[in-house]
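Note that these values count all heavy atoms, side chains included, but never hydrogens, waters or copies made by symmetry. For ligands, and for the atoms within them, numbers begin at 1 and follow the listed sequence.
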Amino acid sequence: MDKHLITGGVPLLGEVRISGAKNSVLPILAGCLLTDDPVIIKNVPHLNDVTTIMKLLGQMGANLTISEGLTIEVEAGHVNVPYAPYELVRTMRASILVLGPLLAKHGQAKVSLPGGCAIGPRPVDFHVEGLRQMGADISVDGGYIQASVQGRLKGANLKFDIVSVTGTENLMMAAVLADGVTTIENAACEPEVQDLANFLNCLGAKIEGHGTKTIVIEGVKSLKGGTYTVLPDRVETGTYLVAAAMTGGRITTKSTRANILEAVLHKLEEAGAEISTGEDWITLDMRGRRPKAVDICTAPFPGFPTDMQAQFMALNTVSEGVGVMTETVFENRFMHAHELRRMGANIQLNGNTAQIEGIPHLTAAPVMATDLRASASLVLAGLVAQGTTIVDRIYHIDRGYECIEEKLAQLGANIKRVQS
Ligand code: EPZ
């Protein structure tokens, strides 16, 4: 397994280009199953998760071609195997996103249950229940979801008890080709959900209300092809900005947008960072200053994103004062705390709350990544620790951060990848 070797103490300086959003491109690629016509997706990040879903679509019979690096053409007109095997789904839970499109377009689907992961059991009961309300006949047997519908799915009035990002996305995609109108109440408002809706509307879908708690989808007979550019990754953006704040540097993130991570920017300003923004860039300046500890409570968008919680815990470990962090979305998303403690961090855990008392500096140690965002927080800790930190199992990080060591090295970080 590859490892990262990171020698801390260098303030990050310079510019970094932000890639397309992982959590946008995954549902968008699944959404290509809804049309027989060719679709061109631009600003696609080069990530392991993208490779996985491309493999999955290819196994189903779709043709995928990569042209000039960041662009993929998808032709799903010949899909004839509506099946998502456990071997692929277990490596990427987001594979569940093919369930709605396959049912809507092909009237049947066999999709492996994703299973849990390090941050929680990650059930998909909302997805299954919503499709049942739309007329699907669904059984769960032997670890697989078997779903079918006679004719088309039917529009329905759906309501989530708990906000679910991929739950909203799956049911929105299923509704696009259903007979009649579907309403989704207590829908997720994340920018990635809005990006998916904009993509589907570009193919001829009739979706309104995306970005609010109530989404209305009027089913259409079919979708056409089209070309779409994926939204910038707000979590990648936030991760580099936190890296600059922790190291006392000054960086500009380019090809991104400020209005997709305002809650994160407000917390960085509260920590003492100077932030300036433009149409497609954000600059953070923390030169000569130590961050101040901040309190965080994660929540669905527009609240503070759970995907930035681990990174802010790393920030709080070296900040001035005490920060209290509450994780309200996932059941077990503090795995990084145990590894940060190995680096000297002062963290008290109590259920879904963590209290972090900042210390002047962390000490390098061998640590192990457990999930995608936890591994990012360990890399951030390595950037400020005294000595050389070894982060193991960085295949987690490769799922969601494109070329992270190259991008950090370009900003002056002392980081390299070693095979082991
Ligand atoms: C999406 O996961 C993201 N993944 C996650 O990003 C992100 O952390 C999460 O949304 C919250 O913002 C993708 O978009 C591919 P949920 P998702 O359904 O959709 C419970 C990353 O690091 N729930 O919004 O799986 C669930 O257990 C990843 O990029 C049910 O109980 O999350 C959780 O407690 C990690 N039943 C809560 O809802 C269901 O059927 C929110 O989960 C579905 C969800």
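Heavy atoms from other residues, nucleotides or ligands lying under 6.0 Å from CG of N259 number more than 12.
Given atom 25 (O) of ligand 1, the protein heavy atom at minimum distance is R122 NH2, 3.1 Å.
With a 4.0 Å heavy-atom cut-off, ligand 1 is reached by the side chain of R93 but not by its N, CA, C or O. Residue contacts with ligand 1, taken as heavy atom pairs separated by less than 4.0 Å, involve R333 solely via side-chain atoms from C-beta onward. Contact annotation: for L372 versus ligand 1, heavy atoms closer than 4.0 Å belong to the side chain alone. For D307, every heavy-atom contact with ligand 1 shorter than 4.0 Å involves the side chain, none the backbone. Under 4.0 angstrom from ligand 1, the non-hydrogen atoms of T306 all belong to its side chain.
Judged by the shortest distance from any of its heavy atoms, G400 lies outside the 4.0 Å radius around the atoms of ligand 1. The closest approach between H396 and ligand 1 stays at or above 4.0 Å for every heavy atom of the residue. Contact annotation: E169 has no heavy atom less than 4.0 Å from any atom of ligand 1. Between V163 and ligand 1 there is a heavy-atom distance shorter than 4.0 Å.
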**OP:** Any chance you could lay out the side-chain contact (heavy atoms from CB on, under 4.5 Å) test for D37 and E75, step after step, and finish with the verdict?
**Re:** CA-CA 6 Å; D37 295 348; E75 200 165 345; over 6 Å; no
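Among the atoms of N23, some N or O lies under 3.5 angstrom from an N or O of ligand 1.
Within ligand 1, the atoms closer than 4.0 Å to a non-hydrogen atom of K22 are 21 (C), 29 (O), numbered from 1 in the order shown.
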